[in-house]
Every structure is written in C-alpha cells, then in structure tokens.
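Note sheet for the following structure.
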Amino acid sequence: MSSHAVIGIQWGDEGKGKIIDRLAETADVVVRCQGGNNAGHTVVAKGERFVLNLIPCGILHPGVRNVIGNGVVVDPEHLFKEVEGLRARGVEVEGRLFVSSRAHLILPVHRELDHLVERFKAAGRIGTTGRGIGPAYADKAARVGLRVADTLDEARLAERLRSLLAEKNNLLQRCFDAPTQAEAPLYEKLVEFGRKVRPLVVDAGALVRRAIADGQRVLFEGAQGTMLDLDAGTYPYVTSSCTTSAGICSGAGISPRALHRVIGVAKAYSTRVGEGPFPTGLHGERDETLRTKGREYGATTGRPRRTGWFDAVAARYAVELNGVDEVVVTNLDVLSGYGPLKVAVAYQVGSERRETYPADLADIAQAEPIYRDFEGWTEDLTGLRRIEQLPAAARRYIDFLEERIGAPIAEVSVGPDRSQMIPRAR
Ligand code: IMP
C-alpha cells in the first residue's frame, strides 16, 4: 500500500469500518478528510467494540499516526469526549493524533440551527443526524466560520466569535423566535479547547504530503457514501461535504495524482438512513425482515435504516465518479434465506429507459427500477472463506454485480469479524 482511499459507493453505512480497520493495521498514517461526527465506524479490536465518529480508526493500532484533515468539521466537545473515551480504555492518543489548523469548528449554535431548520422544513426535512454538520459547512462557505487555528489566538477568537454570534443570534431571534446564545461562556470553552488541542494542531496537508513523498503508507478513510455527496448525490437529500475521492484530495490537502488506489465498498443490498429518494427501497414486511437480518440501525443515531435491493445504476455511477479500482461487497451473508433477489439495472423515467443515474431529483423520485431477478440461497455463509465454497446462486449474484458496476469485486465479506472475508480471484 502507498496511498489508498476507502470510499462508500452507496448511501453510507456500507461496512467501511471493517475494511478501513484492516488496512489501518499496516498503514503509517490514517486520514479523515470530510464530514464530522455524523459518521460512525464500528470497529471490533481485541474483542472490544469501539464506535469512532471523528477520530480515524488507525488510533486503535499502535504506531499509526492519525490525521483529522482540513475538510473535516470538528465539534470541540465531541473531539475531547472521544479522546477521553479512548484514554479510559487504554488507547493513548498523545503524539498519534493530529488536527488540521484549517479544519472548521461545529459550535453549539450550529447544532441548534440544524434542529431548528429541520423543524422549520417539516415535510421537506433532510433527516440529518442533528450534529450541526450542515450549518457548520454553510458558515465555512459563507466565510464566517471559526477554524481550529482561531482558538489558538485569543484576540482573533474573540473577534471572530463576536461577529459570528451577532449574526447567528439575529437569526435565532428574528427567524426562529428561539433563545439567543451567550458569547462569554462559549468564548471560555473555546479558549480551553484551544489549550487542549494546541499540541495536536498541525498543517495537516503538509504532514500528509510529506508522508506520501517519503513513501509511507497512507490510508484515507472515507465517511458517508457517494450518493450523499453534496454535488453528486440526491441533492438536497445529501450531507454537506464532498464524499467522493475528489473530497479525499481537497479534504486532506493532496493532489489527485497522490491517490494511488481507490477501494469502493458496497453492501450486497442497499440501505439509506434519513429522508430522500430511494428507488429500490423495499416496503412492509420485506423491508422489516432485511433490516432485522442485517441489524440495520444507525451506528451514530440508532435510527432504523431503510433497506432496498442492490442498485447497480447508482453503484456504477459511484464507481465512475470515484475512479474505483476495486470493490469490496459486504453483508452477503445477510441475504441467506431471504428468498429470490433483485438487482436494479436501469430506471424507467416516464417513457425513457435510463442506464445512468438521473441528475434531477424529480426524475429520481419517479424512477421505476428495471430489475434483473436472481435465485436466492439458504446456506449460512458466515463460516466460508473461499469463493468456490459459496453456493452457485451467490456466486452468480456477485459475478453479475461485478459485470454491472464496472469494477472488479476483489473481496466479499460474510460477517462482522475481520476474518470473515472471501478473496475473489480475478
Ligand atoms: P447530516 O450529515 O447530519 O447533515 O445529514 C444529512 C443526511 O446524510 C441525512 O440523511 C443523514 O442520515 C445522512 N448521513 C450523514 N452521515 C451519515 C452516515 O455516516 N451514514 C449514513 N447516512 C449519513
């Protein structure tokens, strides 16, 4: 490995955590590039279960340096809660965790606005995680946001916080009829955060570029999934960052040429949490059964995920967008005993058959998937480790996914444990 990125090629929750954790073991540096504590990687290390929302999962591997890049939004309270949680379980972060001076901060007012805006939108709500992600990125784009570096300079912090809160308090009061937020206690908290974070703050882009130039093994940890990308996803039902390999480059501060391999991760079926169109979504008992079988509840919010058939139109689009070199298909074991299966190969939009993902939300909303039917299988796959051990129906299913999505499927995962992987010969 030189520099590898792991990207979700569906709507997030593809099971990237396990793939990232395994690669992190042999990495020198692991980097988070976008999103914030809306993400959630569940990693099982030495029999213990860790949920990491913000800190790269290389932290669980001694000797690995971990970087929170400039494209990430950092909630100061959350960052140190996660650090303390790790310390309490014997994971030392000193000298192993680095935070970009350029990363923007999520403030309490962003969390408050996230809730208020969602409530205000009522039926049109996005179903956000409520972590303040959208409002923080909005302030970044509006050039009024606070960055990590601002907390290291008290005079600058006071000035920037004053002007930000003046604007936000106006908004809270006049638009939402909500209580305003006091400046002094927040200032004190941010000064305290500045003191604590100072030893971790670096020019993260420079660190990562140096590591790549020195031939170190750098792993970029994608968060969310391609279909939630701010530009490429099902806008406006998306997150507020760039979740593709392009976001890895801008969010880590590296050139696209410095990314040597892109690994796409997809579940053997689809899930989506939050609102927004989901053409292959299942309903009623079929949805409920798959959710139960796959334990499809959000790692961050605990919300039930909607489930659906594998959408090869979306996955192919994601493969093209990210320049995916190889794909890992996860949760194949979950489909055992689920009966006959379907894969969407195109959409019927009005009188038109579309093989490419529609750009317009109205088209996605009325898209009727055109399915290819597959025989299911009943065998338990969780103990299998070689591709030829898979039932013929499962092999046919995987072969077909590979043909449709346009990238080689390198591995198939058949359970949550790291050992439950089946390599696939090409
Ligand atoms: P936000 O990122 O909290 O603003 O939420 C925007 C949309 O992205 C909502 O539909 C969320 O459910 C979804 N989302 C955000 N983070 C994740 C994730 O890590 N996995 C799956 N969905 C996510």
Side-chain angles (χ1 to χ4, degrees), residues 6-20 32-43 51-57 71-75 78 82 104 106-107 109-121 123-141 221-244 247 251 265-267 269-278 281 291 294-308 311 314 318 330-331 361 364-365:
V6 176
I7 301 271
I9 62 170
Q10 294 165 318
W11 285 268
D13 308 315
E14 295 92 349
K16 296 181 290 297
K18 179 171 110 163
I19 314 303
I20 292 167
R32 259 295 294 275
C33 312
Q34 42 73 223
N37 57 318
N38 50 347
H41 291 325
T42 308
V43 180
V51 177
L52 295 169
N53 298 111
L54 188 60
I55 297 178
C57 67
V72 176
V73 281
V74 175
D75 183 326
H78 181 90
E82 211 163 295
H104 277 249
I106 303 175
L107 302 178
V109 72
H110 294 132
R111 287 197 298 270
E112 177 67 8
L113 283 169
D114 201 352
H115 291 296
L116 287 170
V117 170
E118 283 283 90
R119 214 179 305 150
F120 195 72
K121 281 188 185 143
R125 71 189 206 282
I126 309 293
T128 71
T129 59
R131 304 285 162 103
I133 306 296
Y137 276 116
D139 276 356
K140 173 179 177 174
E221 178 177 318
Q224 289 87 42
T226 301
M227 302 311 288
L228 290 173
D229 181 87
L230 181 59
D231 281 278
T234 51
Y235 189 90
Y237 297 98
V238 291
T239 190
S240 299
S241 65
C242 179
T243 59
T244 59
V265 184
K267 261 180 207 162
Y269 48 92
S270 303
T271 61
R272 175 164 200 168
V273 59
E275 307 302 320
F278 191 36
R291 181 164 36 257
R295 290 188 291 279
E296 295 295 353
Y297 295 88
T300 305
T301 58
R303 291 182 294 174
R305 299 173 183 145
R306 293 185 272 162
T307 71
D311 187 336
T330 61
N331 288 23
L361 187 71
I364 306 169

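Numbering of ligands and ligand atoms starts at 1, following listing order.
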Taking the side chain as every heavy atom from C-beta outward, state whether Q10 and K267 have any pair of such atoms under 4.5 Å apart. yes
Any side-chain donor paired with an acceptor under 3.5 Å for D13 and T271? no
Is it the case that the side chains of R305 and S270 hold a donor-acceptor pair, with the cut-off being a distance below 3.5 Å and no angle test?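 No, because no side-chain N or O of S270 sits under 3.5 Å from a partner of the opposite role on R305.
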For R306 and G274, work out which heavy atoms get closest and say how close.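 Here R306 and G274 meet closest at NH2-O, 2.7 Å.
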Looking at every non-hydrogen atom in both residues, tell me the closest pair between E14 and Q224 and how far apart they are. OE1-O, 3.9 Å
Which pairs count as salt bridge (charged side-chain N to carboxylate O under 4.0 Å, His left out) when at least one residue sits in residues 124-141, sequence neighbours excluded? R125-E275, D139-K168
Which protein residues have a heavy atom under 4.0 Å from ligand 1? W11, D13, N38, A39, I126, G127, T128, T129, Q224, L228, V238, T239, V273, G274, R303
